[in-house]
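The shown structure was predicted, so the numbers you read here are calculated from the model rather than taken from an experiment.
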Amino acid sequence: MSDTPPLSLYVPEPEFRPGDKPDFSNVPIPQAGAAMMPPVDVDAGEIRDLAYTIIRVMNREGEAVGPWADMLDDDQLKEGLEDMLRVRAFDVRMTMAQRQGKTSFYMQCLGEEAIACAFSKVLKPGDMNFPTYRQQGLLLSTDYPMVDMINQIYSNAADPLMGRQLPIMYSSKEHGFFTISGNLATQFMQGVGWAMASAIKGDTKIATSWIGEGSTAENDFHAGLVFASTYRAPVVLNIVNNQWAISTFQGIARGGAATFASRGLGFGIPSLRVDGNDYLAVYAVAKWAAERARRGLGPTLIEHVTYRIGAHSTSDDPSAYRAKEESTSWPLGDPVERLKEHLIKRGVWSDAQHHQMKEMLEAQVAEAQKQAEKNGTLHDGPHSSAATMFDDVYKEMPLHLRRQRQEAGF
Amino acid sequence: MSDTPPLSLYVPEPEFRPGDKPDFSNVPIPQAGAAMMPPVDVDAGEIRDLAYTIIRVMNREGEAVGPWADMLDDDQLKEGLEDMLRVRAFDVRMTMAQRQGKTSFYMQCLGEEAIACAFSKVLKPGDMNFPTYRQQGLLLSTDYPMVDMINQIYSNAADPLMGRQLPIMYSSKEHGFFTISGNLATQFMQGVGWAMASAIKGDTKIATSWIGEGSTAENDFHAGLVFASTYRAPVVLNIVNNQWAISTFQGIARGGAATFASRGLGFGIPSLRVDGNDYLAVYAVAKWAAERARRGLGPTLIEHVTYRIGAHSTSDDPSAYRAKEESTSWPLGDPVERLKEHLIKRGVWSDAQHHQMKEMLEAQVAEAQKQAEKNGTLHDGPHSSAATMFDDVYKEMPLHLRRQRQEAGF
Amino acid sequence: MSRMTMIQAIRNAMDTAMGRDDNVVVFGEDVGFFGGVFRCTQGLQEKYGRHRCFDTPISETGIVGAAVGMAAYGIRPCVEIQFADYVYPGYDQIVSEAARIRYRSNNDFTVPMVVRMPTGGGIFGGQTHSQSPEAVFAHVSGIKTVIPSNPYDAKGLLLASIEDDDPVMFLEPKRLYNGPFDGHHDRPVTPWSKHELGEVPDDHYTVPLGKAAIRREGADVTVLVYGTMVHVAETAAQETGVDAEIIDLRTLLPLDMEAIEESIKKTGRCVIVHEATRTCGYGAELAAIVAENCFYHLEAPVIRVTGYDLPYPHAHEWYYFPGPKRVGDALKKVMEAA
Amino acid sequence: MSRMTMIQAIRNAMDTAMGRDDNVVVFGEDVGFFGGVFRCTQGLQEKYGRHRCFDTPISETGIVGAAVGMAAYGIRPCVEIQFADYVYPGYDQIVSEAARIRYRSNNDFTVPMVVRMPTGGGIFGGQTHSQSPEAVFAHVSGIKTVIPSNPYDAKGLLLASIEDDDPVMFLEPKRLYNGPFDGHHDRPVTPWSKHELGEVPDDHYTVPLGKAAIRREGADVTVLVYGTMVHVAETAAQETGVDAEIIDLRTLLPLDMEAIEESIKKTGRCVIVHEATRTCGYGAELAAIVAENCFYHLEAPVIRVTGYDLPYPHAHEWYYFPGPKRVGDALKKVMEAA
Ligand SMILES: Cc1ncc(C[n+]2csc(CCOP(=O)(O)OP(=O)(O)O)c2C)c(N)n1
Ligand SMILES: Cc1ncc(C[n+]2csc(CCOP(=O)(O)OP(=O)(O)O)c2C)c(N)n1
Ligand SMILES: [Mg+2]
Ligand SMILES: [Mg+2]
């Protein structure tokens with residue numbers, strides 16, 4: 001052991017910054033259809049490769065290929081397209097509404113629509129999602145009333161959450177959507193706890209936990225993996241790797257050379273990496289994982305590889321920290337375009353139909369917005385009565401809060 | 001997806017409980033010498049197997065075999081044996097001292113001596129250990145005065161920590177031993193931060209972090225892996241898997257089917273599993289990992305496989321939760337006996353020498369204890385003056401503490 | 001009725017709750033087969049099965065986070081943190097989640113969970129087995145904080161906590177586990193069997209959250225106190241002869257403000273006692289409430305007798321602990337004040 | 001001298017510290033290339049290199065834990081928590097580690113680190129971008145807690161904090177980042193350039209920790225206040241005409257008890273104002289200190305004007321915020337009291 005030269009701190013940097021011309025040709029994109037589909041009761045150790053590859057179904061020609069293909073029929077695929085377009089139309093309008101001063105804040109999921117929209121299709125009534133703020137697709141692909149989402153975003157008099165929560169922090173037990181937290185990652189562990197409760201009770205419900213790739217660095221990600229693996233909780237653990245965490249590229253959270261999915265292997269959890277912009281691939285992998293959970297085989301970890309095209313939130317401007325053309329250079333394409341092309345390839349879809357559907361959905365969103373505005377907007381009101389802000393801190397209002405409410409003049 | 005039967009909660013249980021006859025013949029123990037030794041700049045992905053095997057050097061005949069052998073000469077090996085015997089003698093006496101009411105608490109490391117004793121030999125002055133409470137070997141294999149350790153254990157007038165800390169929570173910057181925390185796992189992350197500082201400053205010092213297998217479930221274990229991998233911190237991350245966390249067997253922390261070492265792979269950290277009862281193997285792997293850190297190649301994760309023979313602490317009685325003969329049935333043997341046999345096999349040691357060394361060390365410890373007792377014991381005193389308990393909360397005592405000290409009559 | 005230690009009463013409360021309601025589950029580090037390092041859950045796994053009482057990985061984040069998820073599911077977790085000193089890794093799940101979920105979801109989801117934790121010093125546990133972190137819970141809107149001082153209350157309050165529909169932090173003064181502690185560490189230990197509050201009904205009953213108990217009626221000074229210090233205050237009153245009214249708060253949040261105000265209006269003097277460090281401790285809130293609401297009745301400054309603002313030291317434990325002498329001095333001082 | 005916003009002053013303080021001392025390093029979520037979501041660290045990476053100012057993984061445990069380890073090494077980390085609401089995952093490293101290491105190691109290891117975090121509401125941030133958690137720091141022995149109310153103090157206090165040899169929690173009232181806020185959210189925003197404390201020396205200077213500043217001298221009532229509320233209190237005094245002595249505490253721990261006691265001895269009345277929730281908030285400690293130490297000088301009950309004990313609501317932000325009207329009412333009430 002000879003004397004060594006001075007150490008220096010290595011700090012990972014993204015390849016491209018504003019002004020650079022992004023080139024992702026060095027990012028290995030496995031061929032569609034190439035990944036095997038193991039039986040659901042497989043041992044994690046036998047499918048380690050699936051944590052390092054990308055499971056893809058649609059190839060560059062828009063065909064669905066390989067063992068993970070052929071799970072959805074034409075109608076289901078059209079519904080998927082409609083769901084994604086609805087999310088996209090909703091995001092556009094709500095981003096605009098924030099700019100117009102109708103609310104304080106909004107977060108879009110542009111480019112990531114396939115993930116939540118496809119995933120929701122494998123769930124059953126009674127299952128529970130523990131989402132982050134970028135899974136509006138879980139609600140917008142079900143029959144949850146869009147107008148209630150806007151009421152929430154506007155914190156208006158009809159807001160189901162009484163104006164208490166930041167916009168987009170929806171909650172709907174009935175629709176299997178756990179109340180969103182502003183604190184990252186906490187829901188990841190809670191979903192595991194919820195799933196354990198289902199198993200404790202001998203029920204058949206399963207849970208899904210969601211987390212961004214940046215947030216995998218948080219405590220609750222680790223706790224979630226530990227508890228899920230120890231108790232074989234009936235939960236699907238989803239990492240949405242959209243490459244960015246506000247201004248921070250995924251390399252800061254990922255470190256080393258491994259993938260986010262591979263973190264599950266150290267816990268003996270079957271771990272899959274999937275093309276998150278491929279509706280068919282997400283659906284197939286979700287179905288596989290949900291089946292494992294339902295059959296009591298335990299958790300599955302899924303890394304959905306995608307790209308955050310939009311700003312982090314309406315408070316953010318990504319042009320300050322990433323190259324302008326990154327999103328268009330991104331090698332996995334646009335989930336909506338890709339599904340559209342697949343449907344056209346199948347011979348059941350056309351540009352005209354697509355256009356018509358888009359317009360129909362834009363009208364649907366506009367109409368919901370109109371309805372919601374009847375109940376008010378954040379800055380102009382009306383809101384729920386201010387006295388209600390003292391309610392529901394506890395089931396029954398304790399004396400000190402009764403006194404404070406009185407002090408406040410209510 | 002047909003309707004599925006009710007779920008149920010899986011709760012792992014150890015194979016043996018009090019009254020059972022332990023049989024570990026199903027635990028796979030790889031052959032000594034079988035594991036390869038990669039170059040230190042290897043990519044983690046190329047040596048995944050080393051996280052699932054057990055690197056062993058001494059075979060059942062007491063011979064040192066394979067690529068990890070031949071790193072230590074006779075004198076070094078004898079020193080290692082002496083260190084381990086010293087630790088063992090120390091533990092016996094201090095456990096007894098606690099029973100005699102000379103202190104409130106003690107923790108032994110019976111069966112795990114090889115790990116800290118061998119590891120300390122690859123460190124240089126200036127390096128820093130971030131230990132748990134079971135690495136007394138890190139001090140007892142260096143020139144740290146044993147009498148100061150006992151003074152600390154007795155919280156007496158000569159206690160370098162002024163009687164403030166629980167017994168065995170040593171601290172010695174000079175001897176590269178970070179102040180032990182009662183809160184599990186926190187030091188694991190701190191060691192990474194310390195190592196980052198060394199890299200930031202362009203120094204050549206490295207850090208080691210230590211954690212028990214049970215404590216790998218804690219937040220700081222995860223944070224440590226994340227930060228170490230992202231910044232390629234010059235740190236060696238040690239997991240001491242002694243099979244038990246108080247009454248809880250390792251399966252509760254491990255879950256699934258993987259190993260603790262394999263948790264590093266998800267971060268691209270080279271991860272090795274080593275026979276923690278094999279002084280030669282621990283030394284070799286520690287040397288390899290330290291070399292990586294010194295050369296700026298980043299962190300290494302090491303799982304030391306061993307067995308906690310004694311009670312968790314003097315407050316614990318393992319007969320309530322584990323089979324009596326587990327420790328003697330444990331397939332990796334006793335680290336002291338194994339090194340002794342190897343030395344005999346080398347032809348440089350004998351039972352008589354061994355016996356003599358043991359007696360010498362017992363006398364050494366007894367003498368240190370006698371010296372320490374001159375400075376007092378916990379219950380009989382003397383202690384440092386009670387007024388000193390107000391010191392060092394801050395560098396300078398703020399007004400409110402000055403007032404409180406006065407209130408206390410000092 | 002049985003004679004019970006506080007450990008037995010706590011165990012009995014969980015047993016009672018688990019027997020009455022399948023939804024009650026118990027978990028934490030070492031609580032399963034072994035029954036907990038203080039043996040509070042002993043026998044529960046054997047009786048109710050591994051899926052209702054089990055060991056967890058050493059992750060307070062995970063323990064509390066799992067409990068939150070389970071409670072949202074609709075079951076009632078009663079979890080153990082091995083020492084209150086180790087609750088901090090779970091603090092985010094308590095503050096940001098358990099405490100907020102009812103409010104932020106407008107009752108869509110609720111968190112009926114209990115987090116039990118041994119608290120307080122006096123066992124030579126050093127700085128990480130002696131802490132009293134009640135103030136960092138009491139400051140958090142949306143959770144309740146309970147600290148019993150005897151076996152009878154421990155059972156009744158724990159049952160009330162488990163049945164409560166909001167999250168409850170349940171702090172168990174470990175120095176009281178095996179007997180009431182008068183604060184004289186050098187005297188023989190008295191067992192609960194010699195104390196009237198060691199008599200505990202075998203059946204189900206509750207002690208309501210938010211109701212204080214007057215442990216000693218008195219005319220001269222009101223002592224606001226909870227947990228271990230209730231007994232120390234009793235000793236101090238006895239030893240000084242000061243006619244103190246000793247109020248055992250039992251629940252810190254919700255607080256029985258009416259009982260406090262009523263007593264102070266009677267006595268005109270107030271001493272506040274806790275083992276936790278002083279600055280921003282729960283005693284500060286009590287002093288503030290008294291100063292705000294009873295000002296015109298006060299005849300002397302409020303005095304706080306507390307742990308000093310430093311880590312709980314090992315060797316000097318009994319200099320640190322606010323024993324009967326310190327409490328007694330405060331009683332005398334508050335009586336001397338004009 | 002330059003005109004600076006509070007953001008610029010904070011950035012300038014770090015720049016000054018990094019320029020003078022190679023040992024000062026800055027890191028946190030998004031603080032590197034981007035310069036932080038509030039831009040407090042903008043330009044520092046470019047100027048001092050990636051090894052002295054860098055992005056971290058999203059782990060407050062890791063950020064604080066790394067800082068503790070680095071500080072133990074001997075360098076001086078000044079880290080950012082993106083919002084004070086997100087500090088809880090790092091709370092264990094703060095309470096159990098940073099705060100205790102000097103004491104438990106008898107000065108063998110020390111933790112000279114600063115944890116900066118934007119705090120407080122008034123920006124429609126909802127319950128997780130508006131919190132004021134100062135009390136859960138002030139309760140912890142071994143750390144200091146600082147909250148500036150203007151650019152001049154922000155720079156001087158931050159430099160003093162970075163140079164301090166103990167861990168400092170540095171809370172930055174985000175509503176003050178771009179201008180003093182009088183509490184009238186419906187009026188135009190005033191910039192710091194119009195405020196005398198927006199004038200900041202370009203060179204190194206410190207504002208000592210533990211010294212309060214009298215923002216307004218007055219004879220009738222002492223207002224104890226810090227951060228955003230300093231300006232609200234000034235507005236309230238002006239609007240009510242009450243001759244209030246407004247004391248900007250600046251450091252909550254160590255606290256300038258002498259300044260407080262002196263003022264109250266003069267005025268005989270006290271109003272305490274903070275944005276944090278009331279129960280066990282820092283105002284409780286202030287009220288307790290006043291009740292204990294100034295009892296004989298008090299002519300009226302102490303009044304606390306605070307955030308209500310509930311999560312910071314989104315739509316009803318301005319009903320929740322303790323604005324000039326509420327503070328003014330308290331001033332009037334305390335003056336009316338006999
Ligand atoms: C505990 C906590 N720390 C920090 C933040 C601030 N924050 C909000 S979103 C975000 C980035 C999250 O990135 P990622 O997990 O990748 O999710 P994405 O936004 O890309 O969907 C950060 C740091 C927070 N909300 N909670
Ligand atoms: C944060 C925290 N939680 C719980 C404990 C209580 N505790 C002390 S040691 C221990 C078991 C640790 O087991 P392991 O990590 O395997 O180390 P070992 O004792 O086997 O060396 C526990 C649960 C603690 N000290 N700190
Ligand atoms: Mg992301
Ligand atoms: Mg262990």
Side-chain angles (χ1 to χ4, degrees), chain B residues 8-14 17 103-105 154-156 159 161-167 169 181-186 212 214-220 245-249 252-255 315-316 320-321 378 381 383-384 386-393 398 400-401 404-405 407-408 410, chain C residues 25 27 29-37 39 42 45 49-63 82-83 85-86 88-90 92 123-131 277-279 305-320 322 325-326 329-330:
Chain B
S8 69
L9 190 75
Y10 172 79
V11 180
E13 264 292 296
R17 286 293 194 188
T103 187
S104 58
F105 183 76
Y154 287 175
S155 279
N156 65 21
D159 173 4
L161 307 184
M162 311 292 279
R164 290 182 190 145
Q165 266 280 44
L166 204 64
M169 303 273 173
S181 178
N183 294 60
L184 294 171
T186 49
S215 306
T216 60
E218 285 284 10
N219 304 335
D220 290 282
I246 309 186
S247 78
T248 305
F249 89 120
I252 291 285
R254 190 172 50 81
S315 315
D316 177 50
Y321 53 78
L378 175 63
H383 310 295
S384 59
T388 63
M389 77 180 176
F390 290 92
D391 297 339
D392 308 316
V393 181
H400 72 284
L401 269 174
Q404 288 180 21
R405 187 178 57 177
E407 196 187 304
F410 301 113
Chain C
V25 297
F27 54 94
E29 294 156 20
D30 301 298
V31 312
F33 184 87
F34 182 55
V37 294
R39 324 313 308 273
Q42 199 181 10
Q45 181 175 81
R50 284 218 292 267
H51 65 300
R52 296 207 36 220
C53 177
F54 51 88
D55 287 337
T56 61
I58 304 174
S59 166
E60 292 75 14
T61 298
I63 293 169
Q82 203 160 80
F83 285 85
D85 317 59
Y86 303 141
Y88 307 116
D92 186 44
I123 59 152
F124 274 108
Q127 56 184 262
T128 59
H129 302 89
S130 307
Q131 291 170 38
T277 54
R278 181 170 312 166
T279 299
V305 185
T306 68
Y308 302 115
D309 282 334
L310 40 106
Y312 220 112
H314 182 248
H316 303 117
E317 168 142 288
W318 297 114
Y319 291 91
Y320 182 87
K325 167 88 172 59
R326 279 173 65 199
D329 286 351

For [X], is it the side chain, the backbone, both, or neither that has a heavy atom closer than 4.5 Å to a heavy atom of chain C?
X: N183(B); result: both
X: I252(B); result: both
X: R17(B); result: side chain
X: F390(B); result: both
X: V11(B); result: both
X: T388(B); result: side chain
X: I246(B); result: both
X: F105(B); result: neither

Rounded distance [0.5 Å steps], [atom1] in [X] versus [atom2] in [Y]:
X: H316(C); Y: S384(B); atom1: NE2; atom2: OG; result: 3.5 Å
X: H314(C); Y: M162(B); atom1: NE2; atom2: CE; result: 15.5 Å
X: S59(C); Y: L184(B); atom1: OG; atom2: CG; result: 11.0 Å
X: I58(C); Y: T248(B); atom1: CD1; atom2: OG1; result: 6.5 Å
X: Q127(C); Y: R164(B); atom1: CD; atom2: CZ; result: 9.5 Å
X: S104(B); Y: H129(C); atom1: OG; atom2: NE2; result: 10.0 Å

- prompt: Measuring heavy-atom distances to chain B, does Y312(C) have an atom under 4.5 Å in its side chain, in its backbone, in both, or in neither?
  reply: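 The backbone, not the side chain.
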Practice task
Could you look at E317(C) and say if it's the side chain, the backbone, both or neither that has a heavy atom under 4.5 Å from chain B?
Solution key: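 Neither part; nothing is under 4.5 Å.
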### Message
For F34(C) and Y321(B), take the angle between the two ring planes, folded into 0 to 90°, and tell me which bin it lands in: parallel under 30, tilted 30 to 60, perpendicular over 60.
### Response
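The arrangement is perpendicular - the two ring planes meet at more than 60°.
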Do you know which of A185(B), P167(B), S181(B) has the most heavy-atom pairs under 4.5 Å to chain C?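 Highest number of pairs under 4.5 Å: P167(B).
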(Q) I'd like to know which of H400(B), R254(B), E218(B) tops the heavy-atom pair count under 4.5 Å against chain C. (A)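 Result: the option with the highest number of such pairs is E218(B).
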Quick one: does any side-chain atom of D30(C) pair with a main-chain N or O of S247(B) as donor and acceptor, under 3.5 Å?
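Checking the backbone N and O of S247(B) against the side chain of D30(C), a donor-acceptor pair under 3.5 Å is found.
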(message) Can a donor-acceptor pair be found, under 3.5 Å and without considering hydrogens, that links the side chain of Q404(B) to the backbone of D309(C)?
(response)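 Yes; at least one donor-acceptor contact below 3.5 Å.
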| field | Shortest non-hydrogen separation from P311(C) to V393(B) and the atoms involved | value |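 Closest approach of P311(C) to V393(B), heavy atoms only: CD-CG2, 4.3 Å.
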- Query: Hey, mind stepping through Y308(C) and M389(B) against side-chain contact (heavy atoms from CB on, under 4.5 Å) and telling me if it holds?
  - Reply: CA-CA 10 Å; Y308(C) 302 115; M389(B) 77 180 176; 3.8 Å; yes
Between chain B and each of P313(C), A315(C), G126(C), count heavy-atom pairs under 4.5 Å; write down the option with the most.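 Highest number of pairs under 4.5 Å: A315(C).
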So H51(C) and S8(B), do their side chains get closer than 4.5 Å, heavy atoms only?
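No, every pair of side-chain atoms sits at 4.5 Å or beyond.
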Is any side-chain heavy atom of F54(C) less than 4.5 Å from a side-chain heavy atom of L9(B)?
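Yes, their side chains come closer than 4.5 Å.
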